Amino acid sequence: MDRVRVRYAPSPTGYPHIGNIRTALFNWLFARHMGGSFIVRIEDTDQARKVEGAVESILDSLRWLGLDWDEGPEVGGRYGPYFQSERLDLYQRFARQLLESGQAYRCYCASERLSQMRAEMAERKEAARSYDRRCRSLSPGKAGDLESQGVPSAIRFKAPLEGQTAFQDLIRGEITFDNSELDDLVLLKSDGYPTYHLANVVDDHFMEVSHVMRADEWLSSTPRHVLLYAALGWRPPLYAHLPMILGPDKSKLSKRHGATSVVEYRDRGFLTEAMVNFLALLGWALDDKTEVMGRDELIRHFSIERISKTAAIFNQDKLQWMNGVYIRQLVEKQGHAEFARRALPFLESGLPERVKRPIDGEYVVRITPLAYERVNLLSELPARIDFFFLDELDYDAGLLVVKGMDRETAIAALRGCLQRLGGGPFDHTAIEGVMRSLAEELGLKPGPLFGLVRVAVTGRTATPPLFETMAVLGRDRCLRRLESALARLESSHAA
RNA sequence: GGCGCAUUCGUCUAGUUGGCCUAGGACACCUCCCUCUCAAGGAGGAGAUCGGGGGUUCGAAUCCCCCAUGCGCUACCA
């Protein structure tokens, strides 16, 4: 087999979504596995749909996932340029060549006529062909007239009227189409820009792309591409049509499915490691049990043979679980400081405004060990640990009425805490010792006592381990909060 | 409507040339253990007559045919 060269060829019409980027990932994994090249090519041939900033967001998404490209925007390469809008002369040249060899023709039909024609066909429920081939048989004289009148024209491919076109798909096997189903697709639009079909064939040829791995939605147009290669006298690449990623409603993923853009996942606190791993599992599997795999492992094992044929629905729950796995793994392998470093931006943006900025990184490193295994997304962190940063706790005094303890006992318990925590060491073992003996003296079970103090000190019922939490909060803050809780209890006349 | 592709637990999937599948794993769900709460972790449970119907075969989720359903394409969009 020749050198492996694959490409990711997005069109800059918006933020890449999960499906787009999964295609990029598969191409990248394949290239890295085979020691080949991963090319990024921007297919900006639709002037109308172009979106400002889209290229940047595409590259950002790739960078975030760590999908480095060997050729393409910013890095260049020997096969450039990598923006189709800069290769117009190439496409025009081959459109002209096809015209001259009689394999294409000029079409002067106005798009209004075409859409009207399609509407009528649909109305009559006719076997729809998108174009009635009117200009295919235009006499040279008539064509000349239209030309001299300045009627704009597109160049259409003269598709064979009969026979069949077949090709091997690496994932689906042999695919066959009757040529009678094919229409005369436009190669060059009247504005001089190529359509996807022409541009993709010309570019893949000249960029020496060996494998075209693209979404399933392209399967239907592949025979036209194969025919185009033949018309140009070129050898087509190998094709692998990837199963699509569907929205929860099982339809093609689009903006209307909510959180689908890749960058959004970054902003919601997903780790790139988890994202890469999870995306790789959408349509590909190593075996019947291995799921958590790092980048290197993915590269080592990736193969087209193990790509599945069936479309997949994106399962957010599982992604979140996997992100949790990676968070814990990150702490294990790279330590708390690294986790804190990644968490910091989310704290900066997610903690209440009244918390002083910048957030103290040193302090965060002491807190995150208590929180990292209680969170699946970095963005969940602020809400989970905000009480470490607030001066005034805001909570319902009713929470202080713990099950198994009446108001009087609670008041006595808080007073006991205040008394005994005023001096002596304030590390978590010392605190625990004090609290346990206090429970014993008051004839209380430890559980309810701890629950009461938990609410007093954090304002909530679910928190990291109490004594560690108190140690990090520090004696002063704990005492102040215990006093405040006491005051709340005393002033309340609740039953 | 036409064409193409697909169809295994709710979801992601394993199921190499038919037998080891009374269909395996994971997420989510439930129970229990651990435990100061919440998590994490551990152990279990429930959940798929492999879309349906016909074949072929000693034997089929795996091969063939038909049907159904879903999705995709059917643009001078990609």
Side-chain angles (χ1 to χ4, degrees), chain A residues 9-13 43-46 48-49 107 109-111 114-115 118 121-122 124-131 152-156 169 171-172 175-178 180-183 185-191 193-197 199-200 214-223 241 243-244 246 248 250-252 278 281-292 305-306 308-322 324-325 328 370-376 384 432 435-436 439 445-451 453-455 458 460-467:
Chain A
S11 65
T13 53
E43 310 225 325
D44 53 348
T45 57
D46 188 341
R49 292 206 312 155
C107 172
C109 296
S111 53
L114 296 176
S115 49
R118 276 192 293 271
M121 277 172 146
R124 290 197 306 262
K125 296 220 160 145
E126 242 171 60
R129 164 155 301 99
S130 58
Y131 178 55
S153 64
I155 296 180
R156 303 189 94 111
D169 185 272
I171 294 170
R172 285 153 216 282
I175 312 279
T176 309
F177 285 81
D178 281 338
S180 60
E181 295 299 329
L182 273 26
D183 50 13
L185 81 187
V186 169
L187 299 175
L188 203 68
K189 306 179 221 178
S190 53
D191 65 359
Y193 277 74
T195 58
Y196 169 83
H197 307 291
N200 135 276
R214 65 201 345 175
D216 205 24
E217 54 189 316
W218 293 108
L219 195 62
S220 299
S221 31
T222 304
H241 286 92
M244 307 244 288
L246 274 21
K250 300 196 179 207
S251 72
K252 192 168 156 179
F278 187 73
L281 258 21
L282 241 34
W284 178 84
L286 172 59
D287 55 29
D288 58 345
K289 45 197 55 146
T290 317
E291 292 202 304
V292 178
E305 294 77 58
R306 297 200 60 85
S308 75
K309 297 182 213 278
T310 66
I313 296 171
F314 192 79
N315 184 183
Q316 292 256 3
D317 279 346
K318 190 160 182 177
L319 206 213
Q320 291 207 15
W321 161 78
M322 187 169 276
V325 169
R328 278 162 248 134
L370 304 180
Y372 81 96
E373 63 182 20
R374 268 159 261 267
V375 92
N376 281 149
R384 192 131 288 160
E432 179 163 8
M435 299 275 291
R436 285 196 186 278
K445 284 185 160 177
L449 203 226
F450 298 166
V453 174
R454 182 188 316 282
V455 172
T458 66
R460 59 187 67 182
T461 53
T463 72
L466 218 214
F467 314 119

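On a predicted model such as this, the values are computed, not experimentally measured, just so you know. In what follows, chains carry the letters A, B, and so on, assigned in the order in which the sequence lines appear, proteins first and then strands, with residues in each chain numbered from 1.
Scanning atom types as modelled, one donor and one acceptor separated by under 3.5 angstrom connect the side chain of A:Lys318 and the base of B:A26. Side-chain to base pairing of A:Arg49 with B:C77: one donor and one acceptor N or O lie within less than 3.5 Å of each other. Not a single donor-acceptor pair, N or O on each side, falls under 3.5 Å between the base of B:C73 and the side chain of A:Ser221.
Within the structure, a side-chain polar atom (N or O) of A:Arg306 is placed less than 4.0 Å from OP1 or OP2 of B:G15. Close to B:C76, at under 4.0 Å from its OP1 or OP2, lies a side-chain N or O of A:Arg118. Contact annotation: A:Arg328 side-chain N/O to B:G41 OP1/OP2 distance is under 4.0 Å. Side-chain N/O atoms of A:Lys189 include one lying less than 4.0 angstrom from OP1 or OP2 on B:A78. Contact annotation: A:Arg436 reaches the phosphate of B:C36 (side-chain N/O to OP1 or OP2, under 4.0 Å). The phosphate of B:A78 (OP1 or OP2) has a side-chain N or O of A:Thr45 nearer than 4.0 angstrom.
Out of B:C12, B:C73, B:U37, the shortest distance to the side chain of A:Pro465 is found at B:U37. You'll find that the side chain of A:Asn315 is closest to B:G10, out of B:G10, B:A28, B:G4. When distances run from any side-chain atom of A:Glu373 to the nucleotides B:C12, B:A78, B:A39, the shortest one goes to B:A39. Looking at the side chain of A:Ile313, the nearest of the listed nucleotides B:U11, B:C76, B:A78 is B:U11. Side chain of A:Ala154, nearest nucleotide from B:C76, B:U13, B:C36: B:C76.
Atom-to-atom, CG of A:Leu281 to P of B:C12 comes out at 12 Å; the value is rounded to the nearest Å. If you take CG of A:Leu185 and P of B:C73, they are 16 Å apart, rounded to a whole angstrom. Remark: C1' of B:A75 and OH of A:Tyr193 are 19 Å apart, rounded to the nearest angstrom. Between the NZ atom of A:Lys309 and the C1' atom of B:C50 there is a distance of 16 Å, rounded to whole Å. For the pair A:His241 NE2 and B:G72 P, the computed distance is 16 Å after rounding to whole Å. In this structure, A:Gln316 atom CD and B:A28 atom C1' are separated by 13 Å, rounded to whole Å. One can place CZ of A:Phe177 at 7 Å from P of B:G4, the figure rounded to the nearest angstrom. The nearest whole Å value for the distance from the CG atom in A:Asp288 to the P atom in B:C9 is 17 Å.
Going from the P atom of B:G42 to that of B:U16 covers 29 Å, rounded to whole Å.
Base pairing of B:C27: its partner is B:G10, meeting the Watson-Crick or G-U wobble criterion (both donor-acceptor distances under 3.5 Å). Taking a pair to require two hydrogen-bonding distances under 3.5 Å in either a Watson-Crick or a G-U wobble arrangement, B:C71 pairs with B:G4.
Taking for each of A:Arg454 and A:Ser190 the nucleotide of RNA chain B with the nearest heavy atom, the 5'-most of the two is the partner of A:Arg454. Heavy-atom distances to RNA chain B give each of A:Gly283 and A:Ser220 a nearest nucleotide, and the one nearer the 5′ end belongs to A:Gly283.
When only modelled atom types and interatomic distance are considered, A:Thr463 and A:Arg454 share a side-chain donor-acceptor pair under 3.5 Å.
Residue A:Leu319 is out of contact with every strand shown, counting any heavy-atom pair closer than 4.0 Å.
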